[in-house]
Amino acid sequence: MSFNAQLADLFERMAKLLEVTGANAFRVNAYQRGARRLRELSEELEPIADDPKQLTATEGIGKGLAEKIAEFHRTGRVEELEALRAAVPDGVAAMMDIPGVGPKTVATLWKQGGITSIDQLKQTIADGSLEDLPRLGKKTLEKIGKSIAYAESAGQRARLGDALPLAVRIVEELAALNCTKRVDYAGSLRRGCETIGDIDILAACEDPQALAKHFTGMSLVDEVLLSGKTKTSIRTDTGMQVDLRIVREDRYGAALMYFTGSKEHNVVMRQRAIDRDLRLNEYGLWKAEDAERMDEAKPVAADTEKVIYRKLGLSHIGPELREDRGEVAAAADDELPEPLTIDHIQCELHAHTTTSDGSLSIEELAAEAKRRGFHTVAVTDHSAGQVQANGLDAQRLKRHAARIRQINGKLDDITVLAGTEVDILADGSLDYEDDLLAELDVVVASPHSALSQNSAKATERLVRAIENPYVHIIGHPTGRLIGRREGLSPDMGAVIAAAAEHGAALELNANPWRLDLRDLHLRAAVEAGCMIAINTDAHGPADFDLLGYGLLTARRGWVEPKHVVNCLSTKALAKWLQSKRQGDQ
DNA sequence: GCCGTTTTCGGCCCGACTGTTTTCAGTCG
């Protein structure tokens with residue numbers, strides 16, 4: 001784990017323990033913010049760990065955190081954290097993770113109830129001996145018990161690819177009602193986050209009661225969690241929590257902005273409003289004096305997000321950018337990245353056919369790509385190392401390439417490239433000889449095995465593949481599977497620097513299990529001058545639809561059309577593929 | 001603990017919902 005990541009974990013732990021012990025909430029928040037900053041930092045703090053001046057130049061790190069960083073660097077530990085650990089049993093801190101249980105409840109359970117673990121809490125709820133504690137009545141305990149049971153059975157965040165189709169289905173069903181004026185999904189889903197805690201749906205409606213009733217009566221509803229005048233929550237049969245909020249139509253934009261978040265983005269926006277003697281909340285942007293009487297007053301702006309941003313002196317910030325990663329400053333200077341849309345994507349450079357583990361023939365793949373409006377599709381079947389995927393040995397690859405070229409000669413309006421997705425072996429060598437790779441139009445090199453090797457080895461491995469003169473694209477560079485497998489954790493700065501130097505593109509694999517590279521690494525890559533390849537890794541016709549997940553992730557990574565090889569014209573793409581070859585001759 | 005064209009103190013986003021109270025504390029987003 002990197003120095004920054006270790007510190008981020010440490011600060012998060014501090015925050016949690018401080019919260020349980022009833023520390024000042026703003027102090028807790030400072031540690032949380034510090035941890036978050038550390039995770040987003042692209043440069044390592046270790047070299048400057050003993051220089052408070054340089055450390056405090058980072059936003060969110062002041063004198064206190066700088067001292068902790070120096071202490072950790074010097075001694076490998078932080079005294080205050082050790083003291084907190086000694087004072088608070090592990091099980092007590094763990095109770096904070098139960099939904100509906102916050103610091104106050106944990107403190108009551110621990111100090112007054114003697115509960116020091118989730119297991120003990122579960123038992124005590126079952127035998128009913130807890131009900132004498134203040135503010136812990138029968139219903140509350142019942143709810144906590146349910147939360148524990150649910151967390152034990154599921155608990156994990158949903159992948160974007162599972163949550164988005166579900167949200168679209170719910171939005172479409174609610175939109176079909178006569179009384180519905182507007183309805184959208186908001187929250188982390190609208191921001192295109194790779195995993196989603198719960199789905200937020202926002203609606204404006206002439207008959208809120210009817211809408212809420214329809215919502216709780218949908219066939220996918222397993223349990224109604226709460227239902228108020230403006231907020232209703234359900235759990236679906238797949239275990240996903242869905243919140244519906246109903247707002248006035250003329251306040252819709254303010255609500256959409258508010259519920260899209262992120263929380264951190266909202267904080268910056270609210271502060272920006274205050275700096276201009278305005279107030280921003282979920283009901284609109286107000287003059288400061290009107291914020292107290294929103295019922296009678298007229299908002300400065302409320303019906304669309306765009307107007308609210310404009311009234312705050314900002315160009316419209318796309319939902320994927322709203323993470324407090326510098327987007328507000330960029331919008332103020334009119335320097336936001338150009339939004340990458342599906343119309344910019346003109347080719348697919350990573351696809352499989354029946355020759356390895358795909359479901360389409362070469363002709364069918366070409367036809368599907370053409371139907372999607374692409375000028376080029378690359379056939380990149382697996383190399384021999386992928387035995388389970390029917391990977392090709394050298395002889396089969398030669399015959400396959402010849403057949404691809406033969407078919408390409410007969411097709412109009414679509415170019416089919418002869419390529420491969422060659423394995424990057426554990427030591428960074430490739431699964432084919434260089435002279436065979438040199439015969440192909442496009443080479444995608446990907447790690448598929450030895451995905452738990454250490455960081456140093458992974459870095460060396462990927463850099464070596466990047467240095468190979470015949471490699472155009474590094475496919476799904478870390479090999480992670482979201483929520484299932486962590487994949488490689490190389491020194492991404494070194495990998496990116498190598499890719500920039502050698503002109504290899506890094507892939508953003510659009511499959512929602514992968515989304516690899518992830519958003520923050522993409523941003524570091526384009527800032528370093530790397531090209532990005534956004535591919536669906538199609539194994540069948542429907543996989544081309546996965547491109548949408550790639551676009552969301554790319555926008556989160558501040559990737560613009562000019563950074564993406566799939567946005568190149570036929571001619572420019574041919575030139576790019578060639579340049580790699582010529583540059584090394 | 002962080003931060004500063006109201007800078008070394010005094011703020012730090014704020015409203016909905018629930019359950020336990022009987023006017024509000026705790027949690028969540």
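Rounded to whole Å, the C1' atom of B:dG26 lies 11 Å from the corresponding atom of B:dT20. Nucleotides B:dT22 and B:dC28 place their C1' atoms 24 Å apart, quoted to the nearest Å. Nucleotides B:dG1 and B:dT5 are separated by 23 Å at their P atoms, to the nearest Å. Rounded to a whole angstrom, the distance from the P atom of B:dG11 to that of B:dT6 is 16 Å. Comparing the P positions of B:dC13 and B:dG4 gives a spacing of 14 Å, expressed to the nearest Å. With C1' as the reference atom, B:dT7 and B:dA16 are 36 Å apart, rounded to whole Å. Nucleotides B:dG10 and B:dG15 have their P atoms positioned 25 Å apart, rounded to a whole Å. B:dT23 and B:dC17 have their P atoms separated by 23 Å, given to the nearest Å.
Using a 4.5 Å heavy-atom threshold, the side chains of A:R135 and A:T140 count as separate. By the 4.5 Å heavy-atom criterion applied to side chains, A:L515 and A:R480 are counted as neighbours.
Using a 4.0 Å heavy-atom distance criterion, A:Y258 is classed as a base contact. Residue A:D198 is in sugar-phosphate contact alone, with no base atom involved, counting any heavy-atom pair closer than 4.0 Å across all strands shown. As judged by a 4.0 angstrom heavy-atom cut-off over every strand, A:Q271 is placed among residues making no nucleic acid contact. Residue contacts shown for A:V28 are absent, as no nucleic acid heavy atom lies under 4.0 Å away. Contacts of A:P134 with the nucleic acid, taken as non-hydrogen atoms under 4.0 Å apart, are absent. A:S227 comes within contact range of the sugar-phosphate backbone alone, with a heavy-atom separation under 4.0 Å but no base atom that close.
In A:D334, the CG atom is not crowded: 12 or fewer heavy atoms of neighbouring residues, nucleotides or ligands sit closer than 6.0 Å. Counting heavy atoms of neighbouring residues, nucleotides and ligands inside a 6.0 Å radius, atom CD of A:Q209 does not exceed 12 of them. Open room surrounds CD on A:E486; 12 or fewer heavy atoms of other groups in view lie less than 6.0 Å from it. The local environment of CD in A:Q6 is crowded, with over 12 non-hydrogen atoms from other residues, nucleotides or ligands closer than 6.0 Å.
In terms of position along DNA chain B, the nucleotide closest to A:T108 lies nearer the 5' end than the nucleotide closest to the other residue of the pair A:T108 and A:R245. Of the two residues near DNA chain B, A:T232 and A:A30, the one whose nearest nucleotide lies more 5' is A:A30.
No close placement of the A:Y258 and A:Y283 rings is indicated, their centers lying 6.0 Å or farther apart.
Remark: A:E59, A:G60, A:I61, A:G62, A:K63, A:G64, A:L65 in residues 49-82 of chain A come within less than 4.0 Å of DNA chain B through at least one heavy atom. Contact check of residues 114-126 of chain A against DNA chain B (heavy atom, cut-off under 4.0 Å) returns no residues at all.
Between A:R159 and A:D162 there is a salt bridge, since a side-chain N of the basic residue sits under 4.0 Å from a carboxylate O of the acidic one.
Across the strands present, B:dC12 finds its partner in B:dG1; the criterion is a Watson-Crick or G-U wobble pair with both atom distances under 3.5 angstrom.
For the side-chain hydrogen bond (donor to acceptor under 3.5 Å, both in side chains) condition, the pairs that include at least one residue of residues 86-113 of chain A, sequence neighbours left out, are A:K16-A:D97. Within the structure, ring pair (Phe, Tyr, Trp, His ring centres under 6.0 Å) pairs that include any residue of residues 286-314 of chain A comprise A:Y309-A:H316 (at least two apart or interchain). Within the structure, every pair that satisfies the side-chain hydrogen bond (donor to acceptor under 3.5 Å, both in side chains) test and touches residues 20-35 of chain A, not counting sequence neighbours, is listed here: A:R27-A:E80.
Using a distance-only test at 3.5 Å, with no hydrogens or angles considered, a donor-acceptor pair links the side chain of A:D491 to the main chain of A:G493.
Heavy-atom contacts of chain A under 4.0 Å fall on DNA chain B between two terminal nucleotides, which in 5' to 3' order are B:dG1 to B:dG29.
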